[in-house]
Amino acid sequence: MPGFELWSDKERKEVNDVLETGILMRYGFDGPRKGIWKSKELEEAICKRFGCHYAQLTSSGTAALTTAMSALGIGYGDEVITPSFTFVASFEAILSVGAVPVLVDIDETLTLAPDAVRKAITPKTKAIMPVHMCGSMADMDALLDICKEHNLILLEDACQSIGGTYKGKSLGTIGDAGTFSFDFVKTMTCAEGGVVMMKNKELYEKCDGYTDHGHDHKGADRGADLHPFIGYNYRISELHSAVGLAQIQRVDEFLAIQKKNHGILKNLLAQVPGVSFRHVPDPAGDSCSFVSWFLPTKEATIAVVNEMKAQGILAGNFYWFDNNWHYIRKWDHLKKCYNIKFITSGVESKSDGAG
Ligand SMILES: *Cc1c(COP(=O)(O)O)cnc(C)c1O
């Protein structure tokens with residue numbers, strides 16, 4: 001149940017705190033802001049709720065991925081292995097730091113297939129980026145082993161799995177860094193926003209500077225800050241953080257509704273002959289934001305999807321194989337670029353660069 005559907009007085013109250021002072025920016029203006037620091041408060045709340053040492057808010061989930069990659073030292077020519085079933089933001093972020101997305105197969109978890117990852121490793125591989133799609137998780141133990149063995153960075157795109165866990169740890173806090181998106185349709189929203197979560201202080205300081213033109217944020221006068229490296233403007237605003245601050249206090253309420261509805265739907269579907277479900281490596285950790293299921297054939301799937309649409313049960317195109325935004329088959333805009341490598345079903349292809 002996405003948080004936007006449960007808009008309440010709590011969100012209005014937090015936003016009003018900011019509107020009262022009129023200080024909409026997260027940095028500086030210490031006097032006039034009268035002690036209102038919504039972004040800082042939200043970062044602290046994220047650390048506490050999801051169990052990470054440091055959190056850096058950003059203007060979007062895509063910006064969070066870009067920030068994490070830059071801070072982790074992923075850059076020009078590095079290969080990042082990521083799944084061919086994700087949202088386009090995952091490869092956009094890889095391209096934004098000059099790295100090469102290497103798109104590989106998924107398995108019945110609907111996330112990275114560890115054996116496909118192994119096959120895609122080259123001397124240029126720098127990182128593995130699993131995407132915890134549709135609320136549930138990748139096989140993290142297998143991926144952690146691969147990273148250890150090959151000395152690779154593990155960056156989790158947990159944008160779609162806020163509140164999910166794997167063996168007791170929040171998704172997004174298990175690898176070297178992880179990200180959430182707080183865009184309008186995610187489990188909790190800021191309207192637009194994202195976060196990088198990490199354990200390492202030095203990495204955090206890089207994220208902190210990178211999202212604000214490289215400011216070191218050491219003094220009270222922004223104009224006198226030093227800039228140890230180049231950054232960009234990926235700042236969140238206080239208005240967005242205010243919405244998020246109300247939502248994070250309610251996120252367990254949202255997750256409980258999701259779990260309940262997921263249970264009802266899954267039990268009903270399980271009674272239908274031929275229906276099977278995705279493999280969830282740690283069933284207790286499913287955030288339950290989606291119910292994902294398989295049918296035995298393509299024909300049956302198309303027929304069922306068409307019937308569900310005709311009956312008004314299904315709004316968008318949730319037949320993922322045929323989806324424009326989430327599956328490689330329809331990413332022609334990407335496939336026309338230079339510098340893309342995709343290895344699906346064991347066959348390596350390279351784009352022709354014609355675009
Ligand atoms: C939503 C999403 C993002 C990007 O988030 P934005 O906040 O919309 O930029 C990245 N990856 C995945 C898997 C997503 O679902």
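Read the numbers this way: they start at 1 and go in the same order the structure lists the ligands and their atoms. This is a predicted model, so every value here is computed, not measured.
At a 3.5 angstrom cut-off on N or O pairs, Thr86 does not count as close to ligand 1. Considering backbone and side-chain N/O atoms, Ala89 never comes within less than 3.5 Å of an N/O atom of ligand 1.
Per-residue contacts place Ser181 under 4.0 angstrom from the following atoms of ligand 1 (heavy atoms of the residue considered): 1 (C), 5 (O), 6 (P), 7 (O), 8 (O). Interface of Phe87 with ligand 1, defined as ligand atoms under 4.0 Å from a residue heavy atom, comprises 2 (C), 3 (C), 12 (C), 13 (C), 14 (C), 15 (O).
For the pair Ile36/Ile23, no side-chain contact is recorded, criterion being any heavy-atom separation below 4.5 Å from C-beta on.
Considering all non-hydrogen atoms of both residues, Arg26 and Leu57 come closest at NH1-CB, 4.2 Å.
In this structure, Asp332 places its CG atom where more than 12 heavy-atom neighbours from other residues, nucleotides or ligands lie under 6.0 Å away. Other residues, nucleotides and ligands contribute more than 12 heavy atoms inside 6.0 Å of the NE2 atom of His217. Annotation: Glu108, atom CD; neighbour count of heavy atoms from other residues, nucleotides and ligands within 6.0 Å does not exceed 12.
Residue-level proximity to ligand 1 for Ser60 is carried by backbone and side chain together, each with a heavy atom below 4.0 angstrom. Residue Asp157 touches ligand 1 through its side chain alone, judged by heavy-atom distances below 4.0 Å.
Taking each of Lys186, Gln160, His326, Met129 in turn, the one with a heavy atom nearest to atom 2 (C) of ligand 1 proves to be Lys186.
Of the protein's non-hydrogen atoms, the one nearest atom 9 (O) of ligand 1 is Thr62 OG1, 2.5 Å. With hydrogens left out, the protein atom closest to atom 8 (O) of ligand 1 is Asp183 OD2, 2.7 Å, a heavy atom.
Not one N or O on the side chain of Thr21 forms a donor-acceptor pair closer than 3.5 Å with the backbone of Arg33. Judged purely by atom type and a 3.5 angstrom limit, Ser90 uses its side chain to pair as donor or acceptor with the backbone of Phe87.
Within the 4.0 Å heavy-atom cutoff, Ala93 does not count among the residues contacting ligand 1. Residue contacts with ligand 1: Glu192 is excluded, as none of its non-hydrogen atoms falls under 4.0 Å.
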For this session: Go through the steps for Phe229 and Tyr210 under the test ring-ring contact (aromatic ring centres under 6.0 Å, His included), then give the verdict.
Result: CA-CA 8 Å; Phe229 45 78; Tyr210 188 79; 7.3 Å; no
